[in-house]
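The shown structure was predicted, so the numbers you read here are calculated from the model rather than taken from an experiment.
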Amino acid sequence: MDRLSSFLIRRLHHVERRSVRRLAVRSGLLKMSTAIVNAHIVGRFTPAFDPSHLTGDTARDYRWVQDHLASFLIEPTPGGSGRRGAAPSTLTWPEFLLRYPAGDETCDQPALANAVSVIAAAGSVTNVKHMAILLMVASAMKASGITLRHLVGLLRQPAPVLVVQVFAEGFERALPQLIENTDVVPFGPYTGVSSEFAFVDDLWLWENNQPRRVFLQIAVAETSRPSRASLRGQLLRALANGTPVLAVSETHHGVPDQVDLTCDVRLIGPGITAFLIADLLEAVYGLDAMVHHTDAISNIEAEALTLDDLAIAIRPGRPIQWSIDALRGLAILNRGHIKADRDGDSDGSSHRRASHSSSERNDRSSRDKRGGEQQSSQTSKQSNGKGTPKDKSTGAEVIQPEQGNDSASLTAQPVLRVETLTGYGAASDWALALKVDLADYLSGNLPWSQMSTKLLLSGPPGTGKTTFARALCNTLQIPLVVTSVSTWLQGEYLHDVLDRLSNTFAEARAQAPCILFIDEIDGIGQRAPASRSYSDYWNACVNKLLELLDGAMKTDGVIVVGATNRPDQIDEAIRRSGRLETHIEIPRPDIPTLAGILAHHLGSDLDAVVASNTQIGGDR
């Protein structure tokens with residue numbers, strides 16, 4: 001391990017133990033006093049318990065603290081709210097454990113220092129994934145010729161733009177989490193804001209009673225990358241306010257051009273290699289243990305491993321040989337599943353590998369998308385009835401419009417049309433105006449861009465939003481493609497979900513002119529800040545829908561209708577101009593509307609019902 005890697009690992013341990021000491025002060029296990037040394041404020045920690053319980057043997061003292069003082073080293077969640085906060089004012093001390101009297105100097109200084117050191121070590125948890133990320137960053141800095149002094153100096157400046165490319169799966173998500181969850185990066189702590197999230201103008205935010213420096217995190221994955229114009233606007237706002245900008249990529253060509261051309265520092269690293277594994281094992285087990293297993297380490301197929309594999313296999317406390325054997329087995333398993341996927345093995349078994357490289361995921365998604373479009377086209381050609389079987393690639397159902405029959409008997413159930421619906425108000429007006437515009441469009445007298453073809457229907461359950469979509473299908477006499485967000489989310493992995501979205505819109509384009517009805521569209525959620533758990537998953541889903549809605553706007557013949565019971569839960573960008581900009585609320589029916597609904601469903605039976613009601617004195 002070189003000097004830079006060793007320094008970063010030591011700094012990680014330092015910030016982790018410093019966090020533990022601060023927690024111990026809040027819980028009353030340690031006491032802290034401050035002093036000014038050379039114009040710097042220095043904290044001095046002393047135990048609040050009698051350190052005579054410790055023997056000076058590191059391993060034995062470590063176990064004693066964990067056995068008797070573990071409750072003092074846990075961040076409390078007062079009130080059961082699940083949120084971290086200040087510790088309770090009093091904690092229950094073990095009866096045998098005496099508090100160390102304030103100002104008592106009978107205990108020598110080495111014993112006090114040993115007690116503080118043991119407390120910090122017992123409360124800190126070795127995070128192998130964080131170690132691996134820092135080692136990758138160190139390798140990228142060395143390969144790019146960037147010194148630590150230069151990087152720290154850049155972070156001091158306002159609005160630095162940094163690009164980090166490390167070709168290891170999981171790195172794109174793991175590095176921002178390391179920055180947010182630890183204080184290893186200077187001039188923090190930090191909180192990330194996604195480039196497609198509602199950006200704030202503040203340089204600092206308050207979270208958990210602590211100021212945090214904001215940085216703009218650029219999404220570089222193809223599934224969540226913002227549009228060029230949106231990214232340009234976010235960069236302008238961030239740099240004008242002095243906000244740092246970070247773009248992290250785990251592929252060779254993932255960084256947007258605007259960021260790549262204007263960045264101050266570009267770090268490019270190789271990812272997971274045998275040298276990285278050796279350094280990681282040295283950081284966890286020590287140099288002597290690693291040197292005795294260099295031959296076994298060199299036999300590991302490192303490029304087939306992911307960051308998660310490293311964290312799964314390498315765990316402090318287990319023998320180093322077990323970790324090496326686990327790494328070798330995971331590499332072989334991953335390589336076998338990559339080959340199976342390339343050979344077309346898509347049976348959905350439990351052995352499917354979730355850790356493909358980014359380039360392989362993109363290639364596979366492209367193949368699946370082309371296959372889904374071809375299958376959707378074949379399905380549309382075979383559909384000649386009221387509905388078609390659900391397509392396996394999208395889960396959408398294609399419903400053909402019903403033809404009106406004026407010669408039918410009076411007892412026949414009338415065809416459901418917007419003209420015959422009652423109580424839809426503005427929604428009916430929108431549909432009838434669209435019917436006129438569609439006729440002009442089909443005759444070539446009106447361009448598609450001048451038509452209102454995006455609608456968001458909202459209202460309580462049971463107000464007939466789905467019924468309106470079926471009636472619109474019959475009124476316009478064009479197919480209806482029915483899907484829902486829950487159908488999209490049935491995909492096993494994120495790329496499966498995004499493929500379902502893309503293939504659904506592709507199927508709608510193949511059916512054009514048609515109506516694409518998306519039920520329960522609020523299930524797609526809202527974009528979340530980068531600090532939220534699983535934010536990259538939900539942001540990717542929302543961003544993909546935004547991209548497809550823009551694409552549908554530019555594709556003639558696709559009418560998009562979304563339905564929801566909770567319009568306030570929909571991301572504002574989905575309701576922006578050019579997307580589902582027309583919002584119509586369907587209220588619960590009043591008495592006249594209920595009468596019209598009953599008249600529609602009873603049809604010719606209404607006269608018999610009225611006559612029967614009159615005979616029994618219903619006219620009184």
Side-chain angles (χ1 to χ4, degrees), residues 4-5 8-9 12 127-144 146 151 161-182 184-185 190 192 194-195 215-225 244-256 259-260 263 265-281 283 300-314 327 330-331 334 338 353-362 493-495 530-531 533-537 539-540:
L4 177 59
S5 299
L8 293 180
I9 294 299
L12 177 64
N127 193 314
V128 175
K129 195 170 185 179
H130 287 173
M131 290 183 177
I133 296 168
L134 289 179
L135 291 174
M136 290 179 181
V137 171
S139 178
M141 292 175 62
K142 182 178 179 180
S144 304
I146 304 298
L151 190 60
V161 180
L162 300 93
V163 172
V164 183
Q165 290 180 277
V166 174
F167 313 122
E169 184 181 342
F171 185 83
E172 184 175 323
R173 178 182 178 183
L175 179 59
Q177 288 181 341
L178 169 68
I179 296 174
E180 292 180 322
N181 296 335
T182 70
V184 69
V185 178
Y190 293 86
S194 173
S195 57
F215 71 92
L216 178 64
Q217 179 184 343
I218 303 297
V220 301
E222 291 186 3
T223 56
S224 57
R225 183 185 300 180
V245 177
L246 174 67
V248 186
S249 176
E250 54 192 56
T251 62
H252 289 79
H253 51 275
V255 180
V259 180
D260 189 50
C263 66
V265 166
R266 183 185 295 105
L267 303 180
I268 302 178
I272 300 177
T273 63
F275 295 104
L276 173 76
I277 295 177
D279 288 345
L280 186 59
L281 291 174
I300 300 175
E301 195 174 1
E303 62 273 9
L305 295 171
T306 68
L307 274 171
D308 291 338
D309 292 333
L310 299 179
I312 291 172
I314 303 175
L327 289 173
L330 288 172
N334 293 346
I338 293 175
R353 179 173 178 257
S355 56
H356 306 291
S357 67
S358 298
S359 59
E360 290 165 347
R361 290 199 305 266
N362 295 335
Y493 303 117
L494 175 60
H495 67 85
S531 58
S533 300
Y534 307 107
S535 61
D536 55 344
Y537 180 94
N539 290 345

> Which of these passes side chain to side chain contact (heavy atoms under 4.5 Å, CB included) with Gln177: Asn181, Leu175, Ile179?
Replying inline: Asn181
> Among Leu151, Leu267, Val245, whose side chain to side chain contact (heavy atoms under 4.5 Å, CB included) with Leu162 holds?
Replying inline: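 For Leu162, the side chain to side chain contact (heavy atoms under 4.5 Å, CB included) check succeeds only for Leu151.
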> Quick one: ring pair (Phe, Tyr, Trp, His ring centres under 6.0 Å) partners of Phe275, sequence neighbours excluded?
Replying inline: none
What I'd like to find out is whether the side chain of [X] reaches to under 4.5 Å of the side chain of [Y], using heavy atoms alone.
X	Y	value
Ile314	Leu281	yes
Met136	Ile272	yes
Leu135	Ile9	yes
Ser139	Leu276	no

Any donor-acceptor N/O pair, [X] side chain to [Y] backbone, under 3.5 Å:
X	Y	value
Glu250	Glu172	yes
Ser249	Gln165	no
Asp260	Val255	no

> What distance do Glu169 atom CD and Leu305 atom CG have between them, rounded to the nearest 0.5 Å?
Replying inline: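 Interatomic distance, Glu169 CD to Leu305 CG, rounded to 0.5 Å: 11.0 Å.
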> Just wondering, are more than 12 heavy atoms of other shown residues or ligands nearer than 6.0 Å to NZ in Lys142?
Replying inline: no
